[in-house]
Amino acid sequence: MALPFSVCFVCTGNICRSPIAESVFRARVDEAGLGGLVRVDSAGTDGWHEGDGADPRTVSVLEAAGYESDHVARRFQVSWFPRLDLVIALDAGHLRTLRRLAPTSADADKVRLLRSYDPAATDLDVPDPYFGDDDGFDTCLRMVEAASDGLLDAVREAMEGRAA
C-alpha cells in the first residue's frame with residue numbers, strides 16, 4: 001500500500017493559523033472520503049509555543065464552525081521534508097523561511113502558499129490574528145475555508161499522478 005499523501009500547514013507559533021488550516025483541511029479530506037489516504041498536520045516556524053494547546057480564540061472559532069480543535073503546538077523540523085508531499089505556508093514570510101530551510105530544490109518546490117489555492121484571493125497572505133481581536137480569527141477561518149477546496153483538488157490531482 002502506498003504511503004498517505006502528507007500535507008503540513010505552517011505558520012509562526014502553531015497556535016492560530018496553522019491549527020485552523022489543519023482542522024478545516026482534515027474535515028475536507030474526511031468529507032471527500034480520503035481520510036486514510038491523506039495525512040494532515042501542522043507546525044510553526046518557531047518553537048515559542050511548543051507543547052501548548054491552540055490559542056483559546058482558535059479553539060472557539062473552530063468549535064463554533066463545527067470543526068475539531070484538539071491540538072498541541074510543535075516546531076517544524078527540516079527532517080520532515082522527505083516524508084511531506086506539500087508544506088503549506090500561511091504567509092510569504094513562512095514561505096521564504098521554509099524554502100530557505102529546504103535541504104533540496106525538490107523540497108523547496110513542495111512549499112506553497114495556502115491562499116494560492118483560492119482563485120478569488122488577491123492577497124496571498126493569511127494575516128496573523130494573534131495580536132488582534134476575535135474578528136481576525138473569523139477572517140482567518142474564512143480565508144482557510146476559501147482555499148481548502150482548491151487545495152483538496154490539487155491533492156487529488158497529485159495523488160492520481162502518483163498512482164499513474
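- To the nearest 0.5 angstrom, Cys16 atom SG is 10.0 Å from Leu90 atom CG.
- By the 4.5 Å heavy-atom criterion applied to side chains, Val7 and Val155 are counted as neighbours.
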Open item on the list: Asp128 vs Arg17, test: salt bridge (charged side-chain N to carboxylate O under 4.0 Å, His left out). Steps then yes/no.
Closed with: CA-CA 7 Å; Asp128 188 350; Arg17 292 172 285 179; 3.5 Å; yes
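- We find the CG-CG distance between Asp118 and Asp123 to be 11.0 Å, quoted to the nearest 0.5 Å.
- For the atom pair CG of Leu141 and CD1 of Ile20, the computed distance is 6.0 Å after rounding to the nearest 0.5 Å.
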Open item on the list: Run the salt bridge (charged side-chain N to carboxylate O under 4.0 Å, His left out) test on Arg74 and Asp41 for me, step by step, so that the C-alpha distance in whole Å, both residues' side-chain angles and the decisive distance to 0.1 Å come before the verdict.
Closed with: CA-CA 10 Å; Arg74 61 199 186 131; Asp41 63 10; 2.6 Å; yes
Task: Derivation and outcome, side chain to side chain contact (heavy atoms under 4.5 Å, CB included), residues Leu152 and Leu34 - done: CA-CA 10 Å; Leu152 184 61; Leu34 299 172; 4.1 Å; yes
Open item on the list: Would Arg26 and Glu22 count as a salt bridge (charged side-chain N to carboxylate O under 4.0 Å, His left out) here? Give the steps.
Closed with: CA-CA 6 Å; Arg26 182 175 289 121; Glu22 177 185 359; 2.9 Å; yes
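- Two residues are said to be in side-chain contact when any heavy atoms from C-beta on lie closer than 4.5 Å; His49 and Asp55 fail this criterion.
- There is a side-chain donor-acceptor pair under 3.5 Å between Asn14 and Ser42.
- A cation-pi arrangement is found for Arg57 relative to Tyr130, the charged atom lying closer than 6.0 Å to the ring centre and inside a 45° cone about the ring normal.
- Checking Phe25, Tyr117, Phe76 one by one against Phe9, the ring pair (Phe, Tyr, Trp, His ring centres under 6.0 Å) holds for a single residue, Phe25.
- In this model, a donor atom of one side chain and an acceptor atom of the other lie less than 3.5 Å apart for Tyr67 and Glu145.
- Side-chain atoms of Arg142 and Thr139 form a donor-acceptor pair, as typed in the model, at a separation below 3.5 Å.
- Here Asp52 contributes atom CG and His71 contributes atom NE2; the two are 9.0 Å apart, rounded to the nearest 0.5 Å.
- Phe131 and Ile15 fall within a single hydrophobic cluster, where Ile, Leu, Val, Met, Phe, Trp and Tyr are joined by side-chain heavy atoms under 4.5 Å apart, directly or via other members.
- Counting all heavy atoms, side chain and backbone alike, Cys11 lies closest to Ser18 at SG-OG, 3.1 Å.
- The nearest pair of heavy atoms linking Lys110 to Phe81 is NZ-O, 2.6 Å.
- Side-chain contact between Asp125 and Arg115 is absent, with no heavy atoms from C-beta onward closer than 4.5 Å.
- Heavy-atom neighbours of Glu157 CD from other residues, nucleotides or ligands within 6.0 Å: at or below the threshold of 12.
- Rounded to the nearest 0.5 angstrom, Asp91 CG and Thr97 OG1 are separated by 8.5 Å.
- Residues Leu62 and Val59 form no side-chain contact, since every pair of their non-hydrogen atoms from C-beta on lies 4.5 Å or further apart.
- Heavy-atom neighbours of Asp70 CG from other residues, nucleotides or ligands within 6.0 Å: at or below the threshold of 12.
- Hydrophobic clustering, with ILVMFWY side chains joined whenever heavy atoms are under 4.5 angstrom apart, groups Trp80 together with Val78.
- If you chain together hydrophobic residues whose side chains sit under 4.5 Å apart, Val40 and Val126 fall into the same group.
- Among all heavy-atom pairs drawn from Arg99 and Val111, the shortest one is NH2-O, 2.7 Å.
- A pairwise comparison of heavy atoms in Asp107 and Pro82 identifies OD1-N, 4.4 Å as the closest pair.
- In this structure, Val87 and Arg112 have side chains that are not in contact, with every pair of non-hydrogen atoms separated by 4.5 Å or more.
- In this structure the side chain of Leu151 reaches within 4.5 angstrom of the side chain of Ile88, judged on heavy atoms.
- Minimum heavy-atom separation, Leu84 to Cys8: CD2-CB, 3.8 Å.
- For Glu63 (side chain) and Val61 (main-chain N/O), no donor-acceptor pair under 3.5 Å exists by modelled atom type.
- Residue Glu68 places its CD atom among 12 or fewer non-hydrogen atoms of other residues, nucleotides or ligands, all under 6.0 Å distant.
- The closest side-chain heavy-atom distance from Pro127 to Met143 is below 4.5 Å.
- With contacts defined as side-chain heavy-atom distances shorter than 4.5 Å, the pair Val38/Pro4 does not qualify.
- Leu114 CG to Leu95 CG: the interatomic distance, rounded to the nearest 0.5 Å, is 11.5 Å.
- More than 12 heavy atoms of other residues, nucleotides or ligands shown are found within 6.0 angstrom of CZ on Arg83.
- Heavy atoms only, all atoms of each residue included: Ala92 and Leu113 are closest at N-CD2, 3.7 Å.
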Task: Working for side chain to side chain contact (heavy atoms under 4.5 Å, CB included), residues Val24 and Ser148 - done: CA-CA 7 Å; Val24 169; Ser148 289; 3.4 Å; yes
- [ ] I would like to know whether Phe137 and Thr58 meet side chain to side chain contact (heavy atoms under 4.5 Å, CB included); could you show each step before the answer?
- [x] CA-CA 7 Å; Phe137 287 82; Thr58 297; 3.3 Å; yes
